[in-house]
A.B. asks: 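Dropping the structure in here first, questions after.
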Amino acid sequence: MPELPEVETVRRGLIAHILDRRIERVTVRDARLRWRVPKSFATFAQKRRVVDVGRRGKYLIIGLDNADRILIHLGMTGRLLVLDVSDSARPAQKHDHVDLLLERGLLLRFHDPRRFGAVLPWPAKETSHPLMEAMGPEPFSEEFSGDYLFNLSRGRSAAVKNFVMDGRVVVGAGNIYAAESLFRAGIRPGKAAGKVTRAQFELLAEKIREVLGEAIEQGGTTLRDFASAMGEAGYFQQKLFVYGREAEPCLVCKSPIRRVVIGQRSSYYCPSCQS
DNA sequence: CTGTTAACCTGAGTGC
DNA sequence: TGCACTCAGGTTAACA
């Protein structure tokens, strides 16, 4: 479900609710996520106060008062729900895998039908986390630029769409936003990364930032089940030019949008606007 | 090193 | 209704 804008939307939603609250109790109903939630997790998180809600790529990083951190990844279908215990006190539903009961009657609940997500401890004594070591730059960082993409892509035969979706190249561009960025930059998704010109990468880097930025402003893209922490839908889907629009007319030139599979993922593009 | 593929898992939708 | 099949916002591990 979530690419960078959705994770950022969740992060912003969480800040208002969980910051400065103590974690009273942790319940792990099903530890079988992308990686097992370790047995030690409850002890690790309990009695700690939340002092920060950060993000790196698509990972949420919940900072605790002893400098330990909780890593959360939403995978494809993960959701984090902020529930008011006193008013709803809903019993756990199917796929409600992890609960963090916070002080003053708030419940942070991790729900994930496909279990591609993750909830992991990240102890303070471990400076870097193995899952983040090889991670590429944030799209809004100085480091990320057309030159950066150009230099890194020389000699690479992989499709440019796979290239920008590779988290080691740049974080945050998933299947939707990669397609939308490539459309706005006028580049076909299947084009070899090594054949994309410097000028094209300059435009692409700009469009990636533009698309991600607009999506964050719109509260993310809601296709099936994305909702912010408070259950609000995102609205960026109304601004999608190509994603999920196979055979529909291009919003710019009316040519039918094409769908092709690249790297096992559906890829959408306009054969006339993109070359 | 680069590139490709299978795999992890459940649910929704479609066509017969 | 039921069944078989395809597809889905992510990422890693294993292979060539």
Side-chain angles (χ1 to χ4, degrees), chain A residues 1-11 29-37 55-60 71-80 93-97 110-120 129-136 139 151-182 189-195 208 211-212 215-216 218-228 233-240 242-247 259-268:
Chain A
M1 165 254 287
E3 298 181 37
L4 189 147
E6 290 72 38
V7 177
E8 179 61 19
T9 298
V10 170
R11 187 188 74 82
R29 272 181 221 87
D30 192 343
R32 299 172 304 160
L33 304 182
R34 184 69 168 77
W35 294 278
R36 275 197 86 77
V37 182
R55 179 189 59 73
R56 174 75 175 101
K58 297 169 191 170
Y59 283 92
L60 284 165
L71 270 189
I72 297 179
H73 197 292
L74 300 176
M76 291 273 252
T77 51
R79 297 176 67 164
L80 273 176
Q93 315 258 315
K94 200 175 180 183
H95 308 308
D96 286 344
H97 305 310
F110 179 80
H111 176 273
D112 185 7
R114 289 178 76 179
R115 289 192 272 118
F116 287 170
V119 177
L120 294 168
H129 193 284
L131 288 169
M132 308 214 193
E133 265 160 24
M135 240 184 220
N151 293 332
L152 198 57
S153 63
R154 290 312 84 185
R156 303 273 291 256
S157 64
V160 61
K161 172 157 174 280
N162 290 162
F163 180 70
V164 296
M165 284 178 69
D166 185 341
R168 293 164 303 185
V169 173
V170 59
V171 297
N175 206 29
I176 299 176
Y177 300 117
E180 294 299 311
S181 306
L182 286 163
K191 184 166 182 152
K195 292 191 169 178
I208 287 173
V211 163
L212 295 177
I216 290 169
Q218 301 285 314
T221 299
T222 298
L223 293 184
R224 284 164 196 80
D225 52 6
F226 171 71
S228 67
Y235 292 95
F236 191 75
Q237 65 274 15
Q238 295 167 10
K239 301 180 87 174
L240 298 177
V242 289
Y243 183 84
R245 300 194 59 246
E246 181 180 16
R259 170 182 175 273
V260 291
V261 174
I262 300 171
Q264 314 174 78
R265 312 298 296 274
S266 284
S267 307
Y268 302 87

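Proteins get letters first, then strands, A, B, ... in listed order; numbering begins at 1 in each. Computation of the quantities below employed the complete heavy-atom set of this structure, encompassing side-chain atoms and omitting hydrogens, waters and symmetry-equivalent molecules.
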A.B. asks: Rounded to the nearest angstrom, tell me the gap between atom NE2 in His97(A) and atom C1' in dC9(B).
C.D. replies: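 These atoms are roughly 10 Å apart.
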A.B. asks: Please confirm whether any donor atom in the side chain of Arg265(A) sits under 3.5 Å from an acceptor in the base of dA8(C), or the reverse.
C.D. replies: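 It does not, because no donor-acceptor pair links the side chain of Arg265(A) to the base of dA8(C) below 3.5 Å.
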A.B. asks: With a centroid cutoff of 5.5 Å and a plane-angle limit of 30°, would you call Phe116(A) stacked on dC8(B)?
C.D. replies: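 Stacking is present between dC8(B) and Phe116(A), given that their ring centres fall under 5.5 Å apart and the planes under 30°.
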A.B. asks: Determine the interplanar angle of the His73(A) and Tyr59(A) rings, folded into 0 to 90°, and report it as parallel if under 30°, tilted if 30 to 60°, perpendicular if over 60°.
C.D. replies: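 Because their plane-to-plane angle is over 60°, the rings of His73(A) and Tyr59(A) count as perpendicular.
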A.B. asks: I need the minimum non-hydrogen distance between Pro139(A) and Ile208(A), along with the two atoms involved.
C.D. replies: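 Scanning both residues completely, I find the closest heavy atoms to be CB-CG2, 4.3 Å.
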A.B. asks: dG9(C), OP1 or OP2 - any side-chain N/O from Thr221(A) closer than 4.0 Å?
C.D. replies: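 For dG9(C), OP1/OP2 do not have a side-chain N/O of Thr221(A) under 4.0 Å.
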A.B. asks: Report the distance from atom CG of Leu212(A) to atom CG of Leu4(A), rounding to the nearest 0.5 Å.
C.D. replies: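 Answer rounded to 0.5 Å: 5.5 Å.
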A.B. asks: What integer distance in Å separates Asn162(A):CG from dT11(C):C1'?
C.D. replies: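 Result: 13 Å.
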A.B. asks: Please classify the nucleic acid contact of Arg156(A) as base, sugar-phosphate, or nothing, using heavy-atom distances under 4.0 Å.
C.D. replies: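 The answer is sugar-phosphate, as Arg156(A) gets under 4.0 Å only of primed atoms, P, OP1 or OP2.
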A.B. asks: Reckon Arg259(A) touches a base, only the sugar-phosphate, or nothing at all at heavy-atom distances under 4.0 Å?
C.D. replies: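 Since only primed, P, OP1 and OP2 atoms lie under 4.0 Å of Arg259(A), the category is sugar-phosphate.
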A.B. asks: Within a strict 4.5 Å, meaning less than it, do heavy atoms of the Glu180(A) and Val242(A) side chains meet?
C.D. replies: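 A side-chain contact exists here, since the closest heavy-atom pair is under 4.5 Å.
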A.B. asks: Just the rounded figure in Å: distance from P of dA7(B) to CH2 of Trp35(A).
C.D. replies: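 Those two atoms, CH2 and P, are 18 Å apart.
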A.B. asks: dC9(B), dT4(B), dG11(B): which one has an atom nearest the side-chain heavy atoms of Arg114(A)?
C.D. replies: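 The nucleotide sitting nearest to the side chain is dC9(B).
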A.B. asks: Does some side-chain heavy atom of Tyr177(A) sit less than 4.5 Å from a side-chain heavy atom of Pro5(A)?
C.D. replies: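 Yes, side chains in contact.
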A.B. asks: As a test of reading the structure: which of dT12(C), dG11(B), dC7(C) is closest to the side chain of Tyr59(A), going by heavy atoms?
C.D. replies: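 So the side chain of Tyr59(A) is nearest to dT12(C).
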A.B. asks: Just how far, in rounded Å, is C1' of dC9(B) from CZ of Arg32(A)?
C.D. replies: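 Rounding to the nearest Å, CZ of Arg32(A) and C1' of dC9(B) are 10 Å apart.
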A.B. asks: Within less than 4.0 Å of OP1 or OP2 of dG11(B), is there a side-chain N or O belonging to Lys94(A)?
C.D. replies: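 So the side chain of Lys94(A) is within the cut-off, an N or O lying under 4.0 Å from OP1 or OP2 of dG11(B).
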A.B. asks: For dG9(C), which nucleotide in any strand shown is its Watson-Crick or wobble partner with both distances under 3.5 Å?
C.D. replies: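 Answer to the pairing question: none, since dG9(C) forms no Watson-Crick or G-U pair.
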A.B. asks: Would you indicate which nucleotide in dT12(C), dC9(B), dG9(C) comes nearest to any side-chain atom of Arg115(A)?
C.D. replies: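 Comparing dT12(C), dC9(B), dG9(C) against the side chain of Arg115(A), the answer is dC9(B).
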A.B. asks: Considering heavy-atom distances to DNA chain B, does Leu152(A) or Gln264(A) have its closest nucleotide positioned more toward the 5' end?
C.D. replies: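 Of the two residues, Leu152(A) wins.
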A.B. asks: Below 4.0 angstrom from OP1 or OP2 of dT10(B), is there any side-chain N or O of His95(A)?
C.D. replies: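 His95(A) to dT10(B) OP1/OP2: no side-chain N or O under 4.0 Å.
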A.B. asks: Any side-chain N or O of Ser266(A) less than 4.0 Å from the OP1 or OP2 oxygen of dC7(C)?
C.D. replies: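 Looking at the OP1 and OP2 atoms of dC7(C), neither is under 4.0 Å from any side-chain N or O of Ser266(A).
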A.B. asks: Given that both distances must come in under 3.5 Å, which nucleotide forms a Watson-Crick or G-U wobble pair with dC9(B)?
C.D. replies: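 None - no nucleotide pairs with dC9(B), as no candidate has both distances under 3.5 Å.
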A.B. asks: With rounding to whole Å, what would you report as the distance between dT6(C) and dA6(B) at their P atoms?
C.D. replies: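 Approximately 14 Å lies between the P atom of dT6(C) and that of dA6(B).
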A.B. asks: Expressed as a whole number of angstroms, how long is the span from Tyr177(A):OH to dG9(C):P?
C.D. replies: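 That distance rounds to 12 Å.
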